[in-house]
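A note on names: the letters A, B, ... follow the listed sequences, proteins ahead of strands, and every chain is numbered from 1.
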2 protein chains.
Amino acid sequence: MSPSITLERITALLRQKGYKLTRQRRAVLQVIVTSHDHMTPSKIHEKVQKIDPSVGLVTVYRTLEILTGAGLICRVHTDRTSRSYLLRRPHGHHHHLICSDCGRVVDFTDCNLHRLEKRLAAETGFRTEDHILEFFGCCSLCQETAATKEEDRA
Amino acid sequence: MSPSITLERITALLRQKGYKLTRQRRAVLQVIVTSHDHMTPSKIHEKVQKIDPSVGLVTVYRTLEILTGAGLICRVHTDRTSRSYLLRRPHGHHHHLICSDCGRVVDFTDCNLHRLEKRLAAETGFRTEDHILEFFGCCSLCQETAATKEEDRA
DNA sequence: ATCCGAATTGAAAAGGATTTTCAGTTAGAT
DNA sequence: ATCTAACTGAAAATCCTTTTCAATTCGGAT
Ligand SMILES: [Mn+2]
Ligand SMILES: [Mn+2]
Ligand SMILES: [Zn+2]
Ligand SMILES: [Zn+2]
């Protein structure tokens, strides 16, 4: 079992990489660590401003770039125009189950695409090096909520 | 074997849907039908202008929207900021093998993710409804090119 | 072949996301 | 406490995409 990603662990890693731990960065980190949803830079900024209204959107962008470079956050792939980020919880290769209702993301690590990759290589001559895989749907919490509403109506 | 997607077939379908077949739209269609690469609106515009320099970028965007609505083109999911489109060759649900060297896209239809979806539903309670799956790598042509260069050096 | 009206067009402006610039501020080593 | 490179916010610049609007064009009706 790998250790969970805590604020302390992240700040230690950033400090180790030579980054300063500013008031602004702490606020951005706090927002990201305490959320299970994927969030756009703008949404993160909105939440950060509740902690510290003086933090600018540009600083959010800059912090997200650092965190991406350090492998501490993931981007989720959606059809939206703006990017969307999330704390990287599993350390290695993994994928996301994204709730279309609430934005919650559940991670999974075992995608088992080797067989498919091998078949495609044989059929098309294509040598695969990487892949994107994201599932969209409804998380268990939102299913419960929907079920409860259904009951109330009865 | 489903019939191949020809320019005639597409224009017939658009006309049937009540769209006018303008000079500009014909140019955009020609560019898309004759390419196996995914292309950004800007790249498409560039190619369209070689056929007809008077066509504006805005018209390319508008035509892409119509073609998307009619299910005649696909978007590919990459890390780039701008969108990228491609003629939709398989009719139904399918995915892409995208060459990182030349941009060529090879389609495949049989993703076989049902088992994985079932396992994830059992493990996480998540009910999946849709997914994105794209492979990145090197197409057979670019592998040959690379191999030839390697030989020449010897 | 000509006419007509709605659909379509290009140019320009607006919009939205992200990046760059720059002068002032600050974290953290000494 | 001092110092300096790293960091910051505001504003401007860049991209990509959409909207607006007056002029043009397609294609059905004459
Ligand atoms: Mn992730
Ligand atoms: Mn496709
Ligand atoms: Zn949910
Ligand atoms: Zn290639």
Side-chain angles (χ1 to χ4, degrees), chain A residues 7-8 10-31 38-70 72-73 75-85, chain B residues 7-8 10-31 38-70 72-73 75-85:
Chain A
L7 196 53
E8 295 76 53
I10 291 174
T11 52
L13 200 143
L14 289 181
R15 181 167 276 147
Q16 181 196 317
K17 292 212 172 199
Y19 293 109
K20 289 186 181 178
L21 282 178
T22 63
R23 194 165 42 81
Q24 293 89 337
R25 284 181 185 162
R26 284 174 203 280
V28 173
L29 285 173
Q30 176 147 157
V31 166
H38 60 101
M39 294 175 289
T40 60
S42 173
K43 176 72 179 268
I44 293 169
H45 181 229
E46 196 181 288
K47 290 196 173 195
V48 163
Q49 290 216 310
K50 285 178 188 162
I51 300 173
D52 182 341
S54 74
V55 178
L57 177 58
V58 192
T59 293
V60 173
Y61 273 102
R62 287 191 278 230
T63 306
L64 290 174
E65 188 167 344
I66 289 173
L67 294 176
T68 300
L72 291 168
I73 55 176
R75 264 187 74 183
V76 299
H77 296 265
T78 71
D79 280 329
R80 308 296 175 79
T81 53
S82 62
R83 301 172 186 170
S84 207
Y85 298 88
Chain B
L7 196 53
E8 295 76 52
I10 291 174
T11 52
L13 201 142
L14 288 182
R15 181 166 276 145
Q16 181 196 317
K17 293 213 172 199
Y19 292 111
K20 290 186 180 179
L21 281 178
T22 62
R23 195 167 41 81
Q24 293 89 336
R25 285 181 184 164
R26 285 174 203 279
V28 173
L29 285 173
Q30 176 148 153
V31 166
H38 60 101
M39 294 175 290
T40 61
S42 172
K43 176 71 179 270
I44 293 169
H45 181 229
E46 198 181 287
K47 290 196 171 193
V48 164
Q49 290 216 310
K50 286 180 187 162
I51 299 172
D52 182 341
S54 73
V55 178
L57 176 58
V58 192
T59 294
V60 173
Y61 273 102
R62 287 191 278 231
T63 305
L64 290 174
E65 187 167 346
I66 289 173
L67 294 175
T68 300
L72 291 168
I73 56 176
R75 264 186 76 182
V76 298
H77 297 265
T78 70
D79 279 331
R80 307 296 174 81
T81 52
S82 63
R83 301 171 186 171
S84 207
Y85 297 89

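Backbone-only contact: A:S54 has heavy atoms under 4.0 Å from sugar-phosphate atoms and none from a base. Using a 4.0 Å heavy-atom criterion, one finds that A:R80 contacts no nucleic acid atom at all.
When each of B:E65 and B:T22 is assigned the nucleotide of DNA chain D with its nearest heavy atom, B:E65 is the one assigned upstream, toward the 5' end. Of the residues near DNA chain D, A:G18 and B:T40, the one whose nearest nucleotide (by heavy atom distance) lies more toward the 5' end is A:G18.
The shortest distance between the side-chain N/O atoms of A:R83 and the OP1/OP2 oxygens of C:dT19 is below 4.0 Å. Between B:R25 and C:dT9, a side-chain N or O to OP1/OP2 separation shorter than 4.0 Å is present.
D:dT17 atom P lies 7 Å from atom OH of B:Y85, rounded to whole Å. Between A:L57 atom CG and D:dA12 atom C1' there is a gap of 15 Å when expressed in whole angstrom units. We find that NZ of B:K17 is positioned 16 Å from P of C:dA7, with the value rounded to whole Å. Straight-line distance from the CZ atom of A:R26 to the P atom of C:dT26: 15 Å, rounded to whole Å. One can place CD of A:E46 at 16 Å from C1' of C:dA17, the figure rounded to the nearest angstrom. For A:Y61 and D:dA13, the OH to C1' distance is 15 Å, given to the nearest whole Å. Rounded to whole angstrom, the span from the CG atom of B:L14 across to the P atom of D:dG27 amounts to 11 Å. What separates NZ of B:K20 from P of C:dT9 is a distance of 9 Å, to the nearest Å.
When distances are taken from the side chain of B:V58 to each of D:dT17, C:dA11, C:dT18, the shortest belongs to C:dA11. Looking at the side chain of B:Q24, the nearest of the listed nucleotides D:dA10, D:dG27, C:dT9 is C:dT9.
Between the side chain of B:H45 and the backbone N or O of B:V55, at least one donor-acceptor pair lies under 3.5 Å. Although no hydrogens or angles enter the test, the distance criterion places no donor-acceptor pair under 3.5 Å between the side chain of A:R15 and the main chain of A:L21.
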Side chain to side chain contact (heavy atoms under 4.5 Å, CB included) between B:L14 and B:L67: does it pass, once the steps are laid out? CA-CA 9 Å; B:L14 288 182; B:L67 294 175; 4.1 Å; yes

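Side-chain contact between B:Q30 and B:I51 is present, with heavy atoms from C-beta onward closer than 4.5 Å. Within the 4.5 Å cutoff, the side chain of A:R83 has heavy atoms near those of the B:T81 side chain.
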